[in-house]
Amino acid sequence: MPHLSPLPRDFYLQPTPQVARGLLGSLLVHETAEGPVGGIIVETEAYLCAEDPACHAARGRTKRNEAMFGPPGHAYVYRIHQVFCLNAVTAPEDVAEAVLLRALEPTIGVDLMRRRRGVHALKDLCSGPGKICKALGLTLADNGISLLEPPLYACRVPVPERVGASVPDAHIVQTTRVGIHPDKGAELPLRFYLGTSPFISRR
DNA sequence: CGATGGATGAACT
DNA sequence: GTTCATCCATCGT
């Protein structure tokens, strides 16, 4: 598996909704001891610093959300119930914004991901933020690590029919985020997904 | 120090 | 559509 060129640090310094939009069509790869795993990012959500009560950092810096205040292009992994969720940290240091990776189209190490998930159907492997972490072998131990270099990184896909940078706006759906309380910015249109993808977490 | 609740997933009816 | 497993950071007392 050749190392594709990871998206650079500056990519993550764009406005966070733009990063969320821009990650669609890109490839997320985790090179683990058992082999590489990953897939095309098909669903994301932006969490903002200001005017966004749903953001984990909305009430300041804590031990849990510390990674969100760290450098852009790093991972923020947190636990919800009994599962883990992966975010790409955006914005300069001390500005706590991030993009939640909600779903992948599985493409790399599919059988390894199937074993980790205990599920066979491709459409169920990575169709949720907790499923992504389980399939990719990510845990709280990966909180804060870089997304700019192996073993964990996002990159443009060098497959002609899937050049990430060229995902047309017409294929992208922008809507409200999943699982947000009514009084916590539920109405903000900060979720993005590929409208034609069978691999998203929910319609 | 005890209570609370959640950016979920799986298994139900 | 609904329920709930199961954990720990956070917050209130």
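Just so it is clear, the values below take in all heavy atoms, side chains as well, and ignore hydrogens, waters and symmetry mates. Here is the naming used below: chain letters follow the sequence lines, and residue numbers restart at 1 for every chain.
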Matching residue for Leu7(A) among Leu147(A), Leu23(A), Leu148(A) - test: side-chain contact (heavy atoms from CB on, under 4.5 Å):
Leu23(A)

Look at atom CD of Glu51(A) and say whether more than 12 heavy atoms of other residues, nucleotides or ligands are closer to it than 6.0 Å.
no

Going 5' to 3' through nucleotides 8-13 of chain B, assign each nucleotide B (protein heavy atom under 4.0 Å from a base atom), S (under 4.0 Å only from sugar-phosphate atoms) or - (no protein heavy atom that close).
BSS---

Taking the six-membered ring for Trp, are His56(A) and Tyr78(A) ring centroids under 6.0 Å apart?
yes

Heavy atom of residues 52-66 of chain A under 4.0 Å from DNA chain B: which residues?
Ala54(A), His56(A)

Answer yes or no: is there an ion pair linking Arg61(A) with Asp94(A), defined by an N-O contact shorter than 4.0 Å?
yes

For the pair made of CG in Asp183(A) and P in dA7(B), what is the distance, rounded to whole Å?
12 Å

Writing each nucleotide of DNA chain B 5' to 3' as (, ), [, ], | or . by Watson-Crick or G-U pairing under 3.5 Å yields ||||||.|||||.

Ion pair check, Lys123(A) and Glu105(A), cut-off under 4.0 Å
no

Checking side-chain polar atoms at under 3.5 Å, does Gln14(A) have a donor or acceptor matched by the opposite partner on Tyr12(A)?
no

Please examine the side chains of Leu112(A) and Glu34(A), heavy atoms only from C-beta on, and report whether any two atoms are closer than 4.5 Å.
yes

Does the distance from a Lys or Arg side-chain N to an Asp or Glu carboxylate O, for Asp169(A) and Arg21(A), drop under 4.0 Å?
yes

Within this structure, what is the CZ-to-P distance between Arg202(A) and dA7(B), rounded to whole angstrom?
15 Å

How about Arg203(A): does its CZ atom have over 12 heavy atoms from other parts shown lying under 6.0 Å from it?
yes

For the pair made of CZ in Phe84(A) and C1' in dT6(C), what is the distance, rounded to whole Å?
12 Å

Between Asp52(A) and Arg177(A), is there a salt bridge with N-O shorter than 4.0 Å?
yes

